Amino acid sequence: MTYFSKGVEKTQLKRDQKAAQLASIRDGSCEPTQGMTKEEATTMLLQDIADYDAILAGLRR
């Protein structure tokens with residue numbers, strides 16, 4: 001595995017972790033951290049996921 005492919009894999013893992021956290025907050029099995037509301041946490045996680053998707057798209061070109 002190359003250094004580049006390890007970077008892609010690590011970025012994908014972080015994106016998947018954010019998606020899992022979002023799903024947990026949405027289904028109520030996890031509470032948002034740092035005093036955030038559910039809506040604030042959802043917005044933040046959706047933006048994080050979009051950012052990771054953009055990074056991954058750029059890396060895969």
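Everything numeric here is computed off the predicted structure, so don't read it as measured data.
To the nearest 0.5 angstrom, T11 atom OG1 is 11.0 Å from D16 atom CG. In this structure, NZ on K18 lies 8.5 Å from CD1 on I49, to the nearest 0.5 angstrom. Atom CD in Q17 sits 8.0 Å away from atom OH in Y52 (nearest 0.5 Å). Annotation: the span from L59 atom CG to Q12 atom CD amounts to 10.5 Å, rounded to 0.5 Å. Interatomic distance, CG of D53 versus CZ of R15, reported as 4.5 Å (0.5 Å rounding).
Heavy-atom minimum distance, E40 versus G35: OE1-O, 4.4 Å.
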Full working for side-chain contact (heavy atoms from CB on, under 4.5 Å) between L13 and E9: CA-CA 6 Å; L13 178 62; E9 184 178 308; 5.8 Å; no

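Under a 3.5 Å cut-off, the side chain of Q47 and the backbone N or O of M44 do not form any donor-acceptor pair.
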Tabulate below the donor-acceptor pairs under 3.5 Å that side-chain atoms of residues 22-30 make, not counting sequence neighbours, or state none.
unit_1: S24; atom_1: OG; unit_2: A20; atom_2: O; d: 3.1
unit_1: D27; atom_1: OD1; unit_2: S29; atom_2: N; d: 2.9
unit_1: D27; atom_1: OD1; unit_2: S29; atom_2: OG; d: 2.8
unit_1: S29; atom_1: OG; unit_2: S24; atom_2: O; d: 3.4

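Checked against side chain to side chain contact (heavy atoms under 4.5 Å, CB included), T33 has the following partners two or more places apart in sequence or in another chain: M36.
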